[in-house]
Trainee: 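Here you go, one structure.
The figures here come from the full heavy-atom set of this structure, side chains too, leaving out hydrogens, waters and symmetry mates.
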Protein chains: 4
Amino acid sequence: MEEHRAGPRRSEQARLAVLTAAADLLAQNGYENLTIEAIARQASVGKQTIYRWWPSRAAILTEALLEGMIFRQQLAVRNTGDLRRDLTEWMSRVWSVLDAPQGRMLLRSLVAAATEHPAIGELMRDRLSADGGIRARVVAHGDPAVAAVEIGDAIAGWMMMQVLMGAAPTPDGIRAIVHALVPG
Amino acid sequence: MEEHRAGPRRSEQARLAVLTAAADLLAQNGYENLTIEAIARQASVGKQTIYRWWPSRAAILTEALLEGMIFRQQLAVRNTGDLRRDLTEWMSRVWSVLDAPQGRMLLRSLVAAATEHPAIGELMRDRLSADGGIRARVVAHGDPAVAAVEIGDAIAGWMMMQVLMGAAPTPDGIRAIVHALVPG
Amino acid sequence: MEEHRAGPRRSEQARLAVLTAAADLLAQNGYENLTIEAIARQASVGKQTIYRWWPSRAAILTEALLEGMIFRQQLAVRNTGDLRRDLTEWMSRVWSVLDAPQGRMLLRSLVAAATEHPAIGELMRDRLSADGGIRARVVAHGDPAVAAVEIGDAIAGWMMMQVLMGAAPTPDGIRAIVHALVPG
Amino acid sequence: MEEHRAGPRRSEQARLAVLTAAADLLAQNGYENLTIEAIARQASVGKQTIYRWWPSRAAILTEALLEGMIFRQQLAVRNTGDLRRDLTEWMSRVWSVLDAPQGRMLLRSLVAAATEHPAIGELMRDRLSADGGIRARVVAHGDPAVAAVEIGDAIAGWMMMQVLMGAAPTPDGIRAIVHALVPG
DNA sequence: GTGTAACCGAGACGGTACGTCAGGTCTTGCT
DNA sequence: AGCAAGACCTGACGTACCGTCTCGGTTACAC
């Protein structure tokens, strides 16, 4: 049975204002400088409204990620039949996004958030492991299902590693990792 | 020519006390709760002594890593002739270290620190990419030099990814990623 | 029209706790050793609560003075008809207060505070210049109104001077200054 | 018998540099902002040299006062035969000195220093109580010796009071206090 | 309609940590 | 042994946020 209750329901407007503000501030200042007070200020929302609905900074970001307010792009992997070429091309596109003014900061921030909240790690993996039908193609390629998952993680992990080291991945690097992971 | 100056020199005792305290507190409380004040307290050192010599929390950790106060283990990759088996065995050993009471927390903390300080990312890569002569063996295996580097990063990145997602890597997972990266 | 605002009001309890703590610590340790942190600690109040409402140490003392938490005594000048005798007697009483265990320290502290905050100087003048109807009597005595003010300041200034020099005023000294200022 | 000792004697150059620096900084920044470190820096002197020879900030100022580095002016009271006129004229001159750019700050600073060190109070009294032969003239005027001292203190105290209250003394005020203290 | 209970914005509260400044002591190499 | 330089530990500074709380105002269902 549903619980019936008087009074107003949760304000969708406030919820969206918070998520938007959080996403904006994250891109501008990085995770370390993302404070609840700043989010409340930017969103013109009382602090209590935030504490009422979200248990942590990371929870806000998780929701913002799920709402598509961060990493909005749905980068699909094309299918030309050549898996290596498709993956290489897809990774290049992902990198061009991350190299945009605040892309690096954003990814670094999300990694930081993930250290506090595994769910964010999973969301990042999903965004960075080229999941659009790739798995089936990897399996079709000859690798068993379990390897398909691991290969996705390796791709995502490799990209994270580059960002954490402040490295700018070269076309050669991308080609090499794809060749190593997906034998022609 | 050396610069000669009168007056007291930097206190090696204070330096080591700070690094030790930082390493201990990191393992106990995680990076988010690692404060300069706590380090100073634990090390019986004035805050100013820390601010005089280190520009940031992350810089302290970098130095502690380099001094071998964190991840002390020198996990060598054995050479039985079978690269896949050697790597698999090495990764399992690394994992058993990370699964020790504070291993996971430590790695997560270092990832968080790396988001603020790329040098820490590089140090982690070195510790996690099985660099002891592996590169030569990978090259001997048929992959070009560039791929050897990328494969190392992929291994390290994959492990970081598992930790961030809170996943406990299975023997199957390890075997799969090694198979994917190092064709028999 | 009054300004209406939602939200919590200023806590009177915190305000009084701060003023009381400040007065106590002043009497115990002197102005030089009166720190905001000690006041906050003693009053069980956050430092920010102090900084929110008072711009300086001296402002806290001013308010404490006005609230009668320092120099609580309302030392009235009696009127026996003999102005010289009344003033002499009043100054002796003031001195006995200042000679009490912490009286000297308190006055010295207030002088120190006054060097940073003229308003405290004015409050001290009021407390030390025997203003209760004296002015009218001085005027009635033959001195013009302006001189009445100056005579009050001279009395207060003389007492401050004695305290600053660490001197213990003698009955003779008091009698002499009263005679000099108020011709019989 | 004199104690013979090896090694260099106290450096007069360092001593004067410290006193000069202290006097300059006092006039510029006020007593509250006069720090040992700033004096050492300004005087190009090691902190230890200061701590070796002076027990406190106030002791430095006392010595600087005695050396005539502060309130250098020797304001003499003239003798035209009219004591009231002479005192009034002298006080006006003192005030014009105190009203010079840093005069007020200096006096306020000295008062603050006196709260920590009675000797400074006495030095100020000497400078501000018109001691040059005035005492004899006051006595000759008919007041007993003790009153002469008190009258001097009252003059000095009155001036301090004006400075502490941030008041600008008017010619009328000066005339009034002189008339009150020195009956024609 | 009218309670009434939960929502909302604002922001004060007791705290913790920040990064800086100065205090007073100690150490080093020079003169 | 005095000196300039400056590292050391200590502790206060004034600021930024934390997470909790208290206000007045505003819905929106339940009676």
Trainee: Quick one: R9(C) CZ to dA10(E) P, roughly how many Å, whole number?
Mentor: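 Between P of dA10(E) and CZ of R9(C): 15 Å.
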
Trainee: So which of residues 41-65 of chain B are in contact with DNA chain E, with a heavy-atom cut-off of under 4.0 Å?
Mentor: R41(B), K47(B), Q48(B), Y51(B)

Trainee: Would you kindly compare A38(B) and N33(D) by the position of their nearest DNA chain E nucleotide and give the one closer to the 5′ end?
Mentor: A38(B)

Trainee: Round to a whole Å and report the spacing from CD of E37(D) to C1' of dG11(F).
Mentor: 14 Å

Trainee: Output the rounded distance in Å from CD (E12(C)) to C1' (dT22(F)).
Mentor: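 Whole-Å distance recorded here is 17 Å.
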
Trainee: Between L26(C) and M105(C), what is the shortest heavy-atom contact and its length?
Mentor: O-CG, 3.9 Å

Trainee: So does E12(B) have more than 12 non-hydrogen atoms from other groups sitting under 6.0 Å from CD?
Mentor: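 Yes, CD of E12(B) has more than 12 neighbouring heavy atoms, counting only those of other groups under 6.0 Å.
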
Trainee: Of the non-hydrogen atoms in S109(D) and Y31(D), which two are nearest, and what is the gap between them?
Mentor: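 Heavy atoms only, the tightest pair is OG-N, 3.0 Å.
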
Trainee: Whole angstroms only, please: what is the CD1-C1' distance between I36(C) and dT15(F)?
Mentor: 14 Å

Trainee: Whole Å only: how far is the CD atom of E32(A) from the P atom of dA16(F)?
Mentor: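 For the pair E32(A) CD and dA16(F) P, the rounded distance is 18 Å.
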
Trainee: Which whole-number value in Å describes the distance from R10(A) CZ to dA28(F) P?
Mentor: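 Result: 16 Å.
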
Trainee: Look only at the side chain of R10(C) and the backbone of R15(C), and say whether a donor-acceptor pair between them is shorter than 3.5 Å.
Mentor: no

Trainee: How many whole angstroms separate atom CZ of R15(C) from atom P of dA12(E)?
Mentor: 16 Å

Trainee: With heavy-atom distances below 4.5 Å as the criterion, would you say the side chains of L61(D) and L65(D) are in contact?
Mentor: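 They are not in contact (no side-chain heavy atoms under 4.5 Å apart), so the answer is no.
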
Trainee: Could you check how far CD of E116(A) sits from P of dC18(F), rounded to whole Å?
Mentor: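 About 12 Å, once rounded to whole Å.
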
Trainee: Can a donor-acceptor pair be found, under 3.5 Å and without considering hydrogens, that links the side chain of R104(A) to the backbone of Q102(A)?
Mentor: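 No; judged by distance alone, with no hydrogens or angles, the pair does not exist.
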
Trainee: Which of these nucleotides, dC13(F), dC3(F), dC18(F), is closest to any side-chain atom of T35(C)?
Mentor: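 That would be dC13(F).
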
